[in-house]
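In what follows, every heavy atom counts, from backbone to side chain, and hydrogens, waters and symmetry copies are set aside. Naming: A, B, ... by sequence-line order, numbering from 1 per chain. Note that the structure is predicted; figures quoted are calculated from it, not measured.
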Protein chains: 2
Amino acid sequence: MAEEPRTARKRRAPRRAASGAAIKASAAAPPADRTAGRKRAPSAEDTALKLWVVLARAQLAVAYHAEADVARHGLTLAEFAILEVLYHRGPLLLGEVQRKILVSSGGVTYLVDRLAAKGLVERRECEHDRRARYAALTPAGEKLVARIFPEHARAIADAVSGLSKSEQQQAIALLRKLGLAASELPVEKGTP
Amino acid sequence: MAEEPRTARKRRAPRRAASGAAIKASAAAPPADRTAGRKRAPSAEDTALKLWVVLARAQLAVAYHAEADVARHGLTLAEFAILEVLYHRGPLLLGEVQRKILVSSGGVTYLVDRLAAKGLVERRECEHDRRARYAALTPAGEKLVARIFPEHARAIADAVSGLSKSEQQQAIALLRKLGLAASELPVEKGTP
DNA sequence: CTTATAAATCTCAGTACTGTAATTCTCAAT
DNA sequence: ATTGAGAATTACAGTACTGAGATTTATAAG
């Protein structure tokens with residue numbers, strides 16, 4: 001996954017380290033406070049930036065473990081996400097898959113192509129709408145997910161075990177609220 | 001950024017929608033509970049998976065706004081992160097930049113090359129170690145960051161405004177703890 | 001000095017996607 | 001029937017990186 005010798009079997013996850021997927025969060029240290037000696041209350045922007053940074057870093061750190069787990073079976077997280085959603089919900093239209101796992105339209109095509117090449121997923125036609133196609137697990141795909149999903153769940157549980165169960169529940173509530181609000185928000189575009 | 005008509009000036013951020021960067025989090029619905037009628041307490045794995053999903057989605061939703069903001073100036077988040085860290089900390093060795101923004105070694109080279117081509121950053125040699133090089137902002141780079149950083153901070157503050165300030169502080173504490181613990185954790189490798 | 005090991009950066013082929021445009025089909029309204 | 005808007009998928013070129021290895025220089029040990 002990232003510049004690690006292949007011989008290593010256990011290694012620390014990168015902290016602020018050299019490997020792992022790219023983070024795109026700044027290490028935003030708000031500019032040093034010139035009113036030396038006295039502590040100022042953090043501004044709304046300071047708090048928000050801090051939140052953004054720790055959010056990105058936490059996601060990255062957990063993603064690193066999740067990726068490492070699915071990589072053991074030659075899968076990317078996006079591929080695994082497709083397998084898993086088909087496993088838990090049954091056959092879905094490609095568009096539905098796209099919305100569930102949040103990739104681009106081209107992305108689903110590409111991913112389903114690759115999973116089909118591996119024999120894990122197949123396309124089926126939709127009777128009522130000939131534009132649309134279903135993605136469905138093959139027996140081999142079903143068998144694979146049944147085998148690796150529990151391991152994966154354990155890997156994730158491990159990755160987030162720095163938080164107690166009740167802390168995890170608090171975090172879930174906060175992050176759900178945050179994510180929903182941010183998704184609802186209009187995006188500013190334009191090139192000033 | 002994602003399958004949106006370029007004419008749109010304001011649009012909702014994708015919720016579980018068609019666009020946005022890829023999420024690699026499953027939409028993990030834990031398998032339906034067969035012990036119908038009675039609610040079972042969620043297992044540790046259920047809670048952990050839920051946390052992972054909302055974490056990934058929240059990060060994605062906020063990243064979407066952050067990306068849209070820096071894209072207005074023709075920058076990626078990784079490029080902006082470099083500009084910003086150099087702005088707030090002064091010239092840094094490439095390796096230091098790499099560790100701060102968490103990209104691969106090839107990534108820093110690539111990113112600094114591009115920022116140099118845009119005239120925003122320059123390489124300087126290191127006197128004590130001739131293997132190493134500094135990255136430093138040019139006057140143009142400095143000027144750019146000074147101008148766009150406050151806007152960016154406001155964009156982020158907006159993106160996370162679904163949470164009150166005290167909720168943001170709670171989230172920061174939880175996410176910091178989560179991120180640090182996950183980074184500390186050894187990564188399981190091997191192909192079973 | 002010499003050799004070895006390791007650090008810092010760069011090179012470059014490869015990858016996992018994104019985003020635009022094209023294709024095929026549906027549905028509603030003429 | 002025809003037309004036209006729009007939905008679902010696919011094609012494909014482009015992008016922003018990653019990761020393994022090469023190169024150059026430093027540091028330590030003999």
Subject >> Given DNA chain D, 5'-ward residue of the pair A/Asp113 and B/Arg114, judged by closest heavy atom >> reply: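 Nearest nucleotide further toward 5': that of A/Asp113.
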Length of the [atom1]-[atom2] vector between [X] and [N], whole Å:
X: B/Leu75; N: D/dT15; atom1: CG; atom2: C1'; answer: 15 Å
X: B/Glu125; N: C/dC10; atom1: CD; atom2: P; answer: 13 Å
X: B/Leu102; N: D/dA16; atom1: CG; atom2: C1'; answer: 16 Å
X: A/Glu96; N: D/dT9; atom1: CD; atom2: P; answer: 8 Å
X: A/Leu115; N: C/dA16; atom1: CG; atom2: P; answer: 11 Å
X: A/His128; N: C/dC27; atom1: NE2; atom2: C1'; answer: 16 Å
X: A/Leu93; N: C/dT26; atom1: CG; atom2: P; answer: 13 Å
X: B/Glu67; N: D/dA16; atom1: CD; atom2: P; answer: 11 Å

Nucleotide nearest [X] when distance is taken to its side chain, options [options]:
X: A/Val103; options: D/dA16, C/dT18, C/dT9; answer: C/dT18
X: A/Leu111; options: C/dC17, D/dC17, D/dT10; answer: C/dC17
X: B/Leu94; options: D/dA8, C/dC10, D/dT18; answer: C/dC10

Table of protein N/O atoms under 3.5 Å from nucleotides 23-25 of chain D N/O atoms:
none

Is a side-chain donor or acceptor of [X] paired with a backbone partner of [Y] at a separation under 3.5 angstrom?
X: A/His65; Y: A/Ala155; result: no
X: B/Gln168; Y: B/Val160; result: yes
X: A/Thr138; Y: A/Gly119; result: yes
X: B/Glu96; Y: B/Leu93; result: yes

Original post:
Within the structure shown, what part of the strands sits under 4.0 Å from A/Thr109 by heavy-atom distance: base, sugar-phosphate, or nothing?
Top reply: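 The residue A/Thr109 makes base contact.
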Original post:
Within the structure shown, what part of the strands sits under 4.0 Å from B/Gly107 by heavy-atom distance: base, sugar-phosphate, or nothing?
Top reply: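 Base, at least one base atom sits under 4.0 Å.
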**OP:** Ignoring backbone atoms, test whether B/Tyr110 places a side-chain nitrogen or oxygen under 4.0 Å from the OP1 or OP2 oxygen of D/dA16.
**Re:**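 So the side chain of B/Tyr110 is within the cut-off, an N or O lying under 4.0 Å from OP1 or OP2 of D/dA16.
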Original post:
Phosphate oxygens OP1/OP2 of C/dT24: is one of them under 4.0 Å from a side-chain N or O of A/Arg133?
Top reply: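 It does not, given that no N or O in the side chain of A/Arg133 lies less than 4.0 Å from OP1 or OP2 of C/dT24.
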Original post:
Reading DNA chain C 5' to 3', what string of ( ), [ ], | and . shows its pairs, if Watson-Crick and G-U wobble pairs count only when both distances fall under 3.5 Å?
Top reply: ||||||||||||||||||||||||||||||
**OP:** Could you tell me how the ring of A/His88 sits relative to the ring of A/Phe149: parallel (under 30°), tilted (30 to 60°) or perpendicular (over 60°)?
**Re:**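 Rings of A/His88 and A/Phe149: perpendicular, over 60°.
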Original post:
Between the side-chain atoms of B/Ser105 and the base atoms of C/dC10, is any donor-acceptor pair under 3.5 Å?
Top reply: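 Such a pair exists between side chain and base.
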Taking the side chain as every heavy atom from C-beta outward, state whether [X] and [Y] have any pair of such atoms under 4.5 Å apart.
X: B/Ile156; Y: A/Leu51; result: no
X: A/Ile82; Y: A/Val103; result: no
X: A/Thr76; Y: A/Arg114; result: yes

Subject >> Salt-bridge criterion met for A/Lys177 and B/Glu167 (N-O under 4.0 Å) >> reply: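 Yes, A/Lys177 and B/Glu167 are salt-bridged.
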Original post:
Would A/Asp46 and B/Lys165 pass as an ion pair if we require N to O under 4.0 Å?
Top reply: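 No.
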